Amino acid sequence: MPVECREKIVDEREAPRIAAALLDHYDTHARTLAWRISPQQRAAGVRPDPYRVWLSEVMLQQTTVAAVTSYFNAFIGRWPTVEALAAAPAEDVLAAWAGLGYYARARNLIACARAMAADHGGRFPDTEPGLRALPGIGDYTAAAVAAIAFDRPSAVVDANVERVTARLFAIHTPLPAAKSAIRAKVAQMLPAARPGDFAQAMMDLGATICTPRNPSCLLCPVAGWCEARAQGIAESLPVKPPKKAKPARTGTAWWIEQQGHVLLVQRADKGMLGGMRALPDDGWSASRNGNRAPPLAGQWTQLDAAVAHVFTHFSLDLSLALYRGPQIDKVAFENLNGACWWPVERIEEAGLPTLFAKAARIAIQHR
DNA sequence: AATCCGGGGAA
DNA sequence: TTCCCAGGATT
């Protein structure tokens, strides 16, 4: 018991020094990112645009900086304000999101922008609870926007912060059970001044130095405080639960083309690839294989080529079949649960998620 | 507390 | 291959 008391006192005294060292390092080593303002701007008192902060944070949920950057620039160029985004047709936003994944984020993005325009006069709430109540904004994003855009002293805990903090304090409790302990440590370190920069400094450290494998402890500005480094166990933390095996599923996508147009459908709002345009398929899902039953009678060419695709919780081997006739009455398929005939030469603009974009590419090669 | 939800970059 | 990423919603 005396040992625990002594450690706690040391932590409380050292926590502000850790934050100060982190901020010093951030001032000279911060990553240049499309959604960040420059150090000069920040020194001049410029605040980040909450819209840009929010948009980047939503895009960055479970998604790497490398994958997000081009999407962020495209969205900002096309919809410079939250009002512009709120006024955009949902199908345009979903198509612009195509390829980024986790499409519920795009649906929530639209709902959030419209709620903001309707209920908040186009202004973002400037508190963590106010932000937390909006669609698509959870604990992390509410804290991040509050800290970065509004200078609120909120504890921002993402996967980087979890890793950095678990190592700094040698927290052996496996995730996600360790989350509350990690949050408490972050709150302890949180500086009254520059909470947004502190959050970003922690995330930069996790992304560039305190990496999951082979961390660069020799370059770390807080290595002197790191209990995991002292024990030589940095790379083994944080402890994560074992991951489950992904079941393998098979399915078929149907390529039905007439007069240079291919039949696309709109998927149901809920579930996999929800709300997105897609090729018709045979009902494959995470829990079962497709039924291989064509959507209409006629002559089909089964391609040898298939699309191998890996989702979060299963892998899919998607085979392709091309419709060869007889001629269809195209009008009969229009207005059929979101079905439409899309010009094949403009397939890139359809906003197909990656699985179906790959399938379309192969079908076009073999048609 | 578990589960569902994409896709790609890096080692 | 395997790992993991500025997580949120639902059950």
Side-chain angles (χ1 to χ4, degrees), chain A residues 31 33-36 48 52-72 94 97-109 111-112 131-149 154-164 174-180 186 196 198-208 210-215 235 238 240-247 267-276 278 285-287 307-316 352-358:
Chain A
R31 288 178 293 172
L33 303 173
W35 42 90
R36 283 189 179 167
R52 296 169 64 97
V53 175
W54 163 71
L55 179 62
S56 66
E57 291 300 344
V58 173
M59 286 185 166
L60 286 161
Q61 289 165 8
Q62 289 293 288
T63 310
T64 57
V65 167
V68 163
T69 300
S70 65
Y71 282 85
F72 176 82
L94 288 175
W97 196 276
L100 198 53
Y102 286 152
Y103 297 97
R105 293 185 295 172
R107 300 195 300 274
N108 285 328
L109 192 81
C112 186
L131 289 159
R132 181 67 179 81
L134 290 164
I137 299 185
D139 289 340
Y140 162 77
T141 304
V145 175
I148 297 170
S154 33
V156 179
V157 182
D158 76 326
N160 289 303
V161 176
E162 284 178 350
R163 184 170 56 255
V164 170
L175 289 170
K179 195 127 188 177
S180 60
V186 172
F198 173 71
Q200 293 178 93
M202 289 282 280
M203 293 191 277
D204 274 23
L205 188 75
T208 63
C210 194
T211 49
R213 286 172 293 186
N214 194 20
E235 193 163 6
K240 294 195 169 182
K243 42 187 65 75
K244 300 182 174 180
K246 297 177 195 282
R267 296 176 61 85
D269 279 336
K270 300 198 182 260
M272 294 273 316
L273 312 176
M276 301 299 287
S285 72
S287 54
V307 176
H309 198 75
V310 181
F311 293 104
T312 306
H313 53 299
F314 70 102
S315 60
L316 177 67
L352 296 177
T354 299
L355 168 70
F356 292 111
K358 287 196 228 170

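Remember, it's a predicted structure, so these values are computed and weren't measured experimentally. So that the names make sense, note that chain A is the first sequence line, chain B the second, and so on, each numbered from 1.
- A donor-acceptor contact closer than 3.5 angstrom links the side chains of A:Thr63 and A:Arg105.
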Donor-acceptor list for residues 240-247 of chain A side chains, cut-off 3.5 Å, not counting sequence neighbours:
| from | atom 1 | to | atom 2 | distance (Å) |
| --- | --- | --- | --- | --- |
| A:Lys246 | NZ | A:Phe311 | O | 3.1 |
| A:Lys246 | NZ | A:Thr312 | O | 2.5 |

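- Residue contacts shown for A:Arg163 are limited to sugar-phosphate atoms, with no base heavy atom under 4.0 Å away.
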Per-nucleotide protein contact string for nucleotides 1-11 of chain B (B base, S sugar-phosphate only, - none; heavy atom under 4.0 Å): --SSBBBS---

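- Looking at heavy-atom distances under 4.0 Å, A:Trp35 makes contact with a base.
- Remark: the separation of the P atoms in B:dC5 and C:dA6 is 23 Å, to the nearest Å.
- Using a cut-off of 4.0 Å between Lys/Arg side-chain N and Asp/Glu carboxylate O, A:Arg36 and A:Asp204 are scored as salt-bridged.
- At the heavy-atom level, A:Ser56 lies nowhere under 4.0 Å from the strands shown.
- A:Glu162 and A:Lys179 are joined by a salt bridge, as a carboxylate oxygen and a charged side-chain nitrogen come within less than 4.0 angstrom of each other.
- Across B:dG6 and C:dT11, the matching P atoms stand 16 Å from one another, rounded to whole Å.
- For A:Asp139 and A:Arg132, the salt-bridge test passes: some basic side-chain N is under 4.0 Å from an acidic carboxylate O.
- Nucleic acid contact for A:Leu109: none, since no nucleic acid atom lies under 4.0 Å from a heavy atom of the residue.
- In this structure, A:Ala144 reaches neither bases nor backbone, as no heavy-atom distance under 4.0 Å exists between it and the strands shown.
- Mapping A:Arg132 and A:Ile148 onto DNA chain C by nearest heavy atom places A:Ile148 closer to the 5' end of the strand.
- The shortest distance between side-chain heavy atoms of A:Leu109 and A:Trp54 falls below 4.5 Å.
- Using modelled atom types, one finds a donor on one side chain and an acceptor on the other under 3.5 Å when comparing A:Glu57 with A:Tyr140.
- Looking at A:Ser154, its side chain never comes within 3.5 Å of a backbone N or O of A:Val156 through a donor-acceptor pair.
- In summary, contact between chain A and DNA chain C, defined as any nucleotide atom under 4.0 Å from a heavy atom of the protein, begins and ends at C:dC3 to C:dA9 in the 5' to 3' direction.
- Here A:Asp139 lies in heavy-atom contact (under 4.0 Å) with sugar-phosphate atoms only.
- The closest donor-acceptor contact from the side chain of A:Tyr71 to the backbone of A:Ala98 lies under 3.5 Å.
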